[in-house]
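Keep in mind that the numbers below use all heavy atoms, side chains included, and drop hydrogens, waters and symmetry copies.
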Amino acid sequence: MVDFSDPKRRPRYLSKLVMAALLTAMCVLMLTQPPCHRRAAPSVFSIHQPGVAHVLVTGGAGYIGSHAALRLLKDSFRVTIVDNLSRGNIGAVKVLQNLFPEPGRLQFIQADLGDPKAVNRIFAENAFDAVMHFAAVAYVGESTLEPLRYYHNITANTLVVLEAMATHNVKTLIYSSTCATYGEPEKMPITEETPQFPINPYGKAKKMAEDIILDFSKSKKADMAVMILRHQFACWVTDDQPYTTRYFNVIGSDPEGRLGEAPRPELREHGRISGACFDAALGIIPGLKVKGTDYETPDGTCVRDYIDVTDLVDAHVKALNKAEKGRVGIYNVGTGKGRSVKEFVEACKKATGADIKVDYFPRRPGDYAEVYSNPTKINRELNWTAQHTDLHESLRVAWTWQKAHRSGYEPPQAMIL
């Protein structure tokens, strides 16, 4: 029996009893709360892991961004894709998730880079080692119709990303830019020293973004590793006729057939010449319209530099691997060799096996006979050289994917983190 006659012992016993009751109540409360109210274990994406570089890929659901994410994952990088899906494909993300299901390899976050609070939260909750920035609207013709959208999406959003990088001490940026920043160069080939005088909102917005990046990289507190890669992603002159040959010069797709290009139906008329060729081969459009047959080129049609997406991605990864704090690298990415529009169409006919109807029209004012870049600098400094230079083979690979995905990516159920 317990003797309560001693008044000094009673309070001590009661206090222990009360404490035990409180602890029991707290345990019961914690166990009965739903999982979302419990403190979760830290995500592997929120921790810097020695030997594992974590790369944020903006626009990673898009054509080039998804191929870049695939390459990074194959090279054992940890990848976070951020995309608002306004132009990207959730189907591409699902393919990547199925290929790399292991925990800690890939996560997808649906978010808009124009939302500073969302971007800051993403950086706060994840331990990024580098950012590979692809996210952008990228149609020259559309940029002339909606210039404010382009300045906001490209220039302002890049500023948001840079501010988040500065706040959270992320020091490496690989920026995917465009040769449209050069405008109408007086000399060919284009080098990194060619003056930049962009002539459309797309090129201007990209150059503004470059200027912001370069200015910030010069500040003492930045200590950044910056690589800017310019490739021929945009045509030089546009008109209002859909499916005219437009020189959007990234071609091809994943050689193993896992990823491809699938623009939204309403954007097809803005797309690449390869997309127009494939649409003609599939009977979606009646044929192609080629502007200009009297240029001073071997066959009279314009000459452009076409780069395979696999090579383009390889250049970005090599830039990432060579990035050094306090250093800025600017590189043109191209094969250094031009191909005529007529050559391209013939290669597309051969790759698809279709007799594509081609109508020829007078040249457009302002179109250059030849546009191509000199890749000497990137060859020398990054040890990068385009490997997929067989035009027919690049188109054959892309056509194989297109035939198997006539409606693009199926709309799968994708996890949004």
Gap separating the [atom1] atom of [X] from the [atom2] atom of [Y], nearest 0.5 angstrom:
X    : Y    : atom1 : atom2 : answer
S177 : Q196 : OG    : CD    : 7.5 Å
E102 : L73  : CD    : CG    : 9.0 Å
S66  : R258 : OG    : CZ    : 11.0 Å
F344 : T301 : CZ    : OG1   : 12.0 Å
I378 : L229 : CD1   : CG    : 5.0 Å
K350 : E393 : NZ    : CD    : 10.0 Å

*Is the NZ or CZ atom of R230 both under 6.0 Å from the centre of the six-membered ring of Y331 and within 45° of that ring's axis?*
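Cation-pi check for R230 and Y331: fails.
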Taking the side chain as everything from C-beta on, heavy atoms only, tell me whether [X] gets closer than 4.5 Å to [Y].
X    : Y    : answer
V309 : D311 : no
D299 : S340 : yes
I212 : D215 : no
V328 : M227 : no
K94  : I90  : no
I199 : E184 : yes
L56  : V82  : yes
V55  : T80  : no

Counting N and O atoms only, with roles assigned by atom type, does the side chain of [X] sit under 3.5 Å from a partner on the main chain of [Y], one being a donor and the other an acceptor?
X    : Y    : answer
Q402 : W399 : no
T155 : A205 : yes
N120 : P116 : no
T58  : A135 : yes

*asked:* With side-chain hydrogen bond (donor to acceptor under 3.5 Å, both in side chains) as the test, pick out the partner of D314 among H388, H67, R71.
replied: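 When side-chain hydrogen bond (donor to acceptor under 3.5 Å, both in side chains) is applied between D314 and each of H388, H67, R71, only R71 qualifies.
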*Of K204, E142, K206, which meets side-chain hydrogen bond (donor to acceptor under 3.5 Å, both in side chains) against Y150?*
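Option passing the side-chain hydrogen bond (donor to acceptor under 3.5 Å, both in side chains) with Y150: E142.
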Taking all non-hydrogen atoms of both residues into account, name the closest pair between [X] and [Y] and its distance.
X    : Y    : value
I330 : K377 : O-NZ, 2.9 Å
Y306 : T335 : O-CG2, 3.5 Å
S217 : V226 : CB-CG2, 4.0 Å
S253 : L259 : CB-O, 3.4 Å
A276 : I285 : O-CD1, 3.6 Å
K349 : I356 : CE-O, 3.2 Å

*Is atom NZ of K322 surrounded by more than 12 heavy atoms (other residues, nucleotides or ligands) closer than 6.0 Å?*
no
*Count the heavy atoms belonging to other residues, nucleotides or ligands that lie under 6.0 Å from CG of N98, then report whether that count exceeds 12.*
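Correct, the count exceeds 12.
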Could you tell me whether [X] and [Y] make a salt bridge, using a distance below 4.0 angstrom between a side-chain N and a carboxylate O?
X    : Y    : result
E192 : R380 : no
E370 : K337 : no
E210 : K207 : no

*asked:* Please determine whether side chain to side chain donor-acceptor pair (under 3.5 Å) holds for the pair R78 and Q107, giving the CA-CA distance in whole Å, both sets of side-chain angles, and the decisive distance to 0.1 Å.
replied: CA-CA 9 Å; R78 176 173 291 158; Q107 68 172 337; over 6 Å; no
For [Y] together with [X], are the ring centres under 6.0 Å from each other?
X    : Y    : value
F197 : Y182 : no
W401 : Y409 : yes
H54  : F77  : no

*Where do S373 and D305 land on the side chain to side chain contact (heavy atoms under 4.5 Å, CB included) test, with the steps shown first?*
CA-CA 7 Å; S373 64; D305 188 355; 3.8 Å; yes
*Where does the angle between the aromatic ring planes of H316 and H231 fall among parallel (under 30°), tilted (30 to 60°) and perpendicular (over 60°)?*
perpendicular
*Going through the checks in order, is the side chain to side chain contact (heavy atoms under 4.5 Å, CB included) test met by Y202 and I154?*
CA-CA 8 Å; Y202 172 62; I154 296 172; 3.7 Å; yes
*Any side-chain donor near an acceptor of the partner, N126 and H168, under 3.5 Å*: no
*Before giving the answer on side chain to side chain contact (heavy atoms under 4.5 Å, CB included), spell out for S394 and I251 the whole-Å C-alpha distance, their side-chain angles and the decisive distance to 0.1 Å.*
CA-CA 7 Å; S394 291; I251 61 172; 3.7 Å; yes
_Stepwise side chain to side chain contact (heavy atoms under 4.5 Å, CB included) test for D254 and T310_ = CA-CA 7 Å; D254 169 44; T310 302; 5.9 Å; no
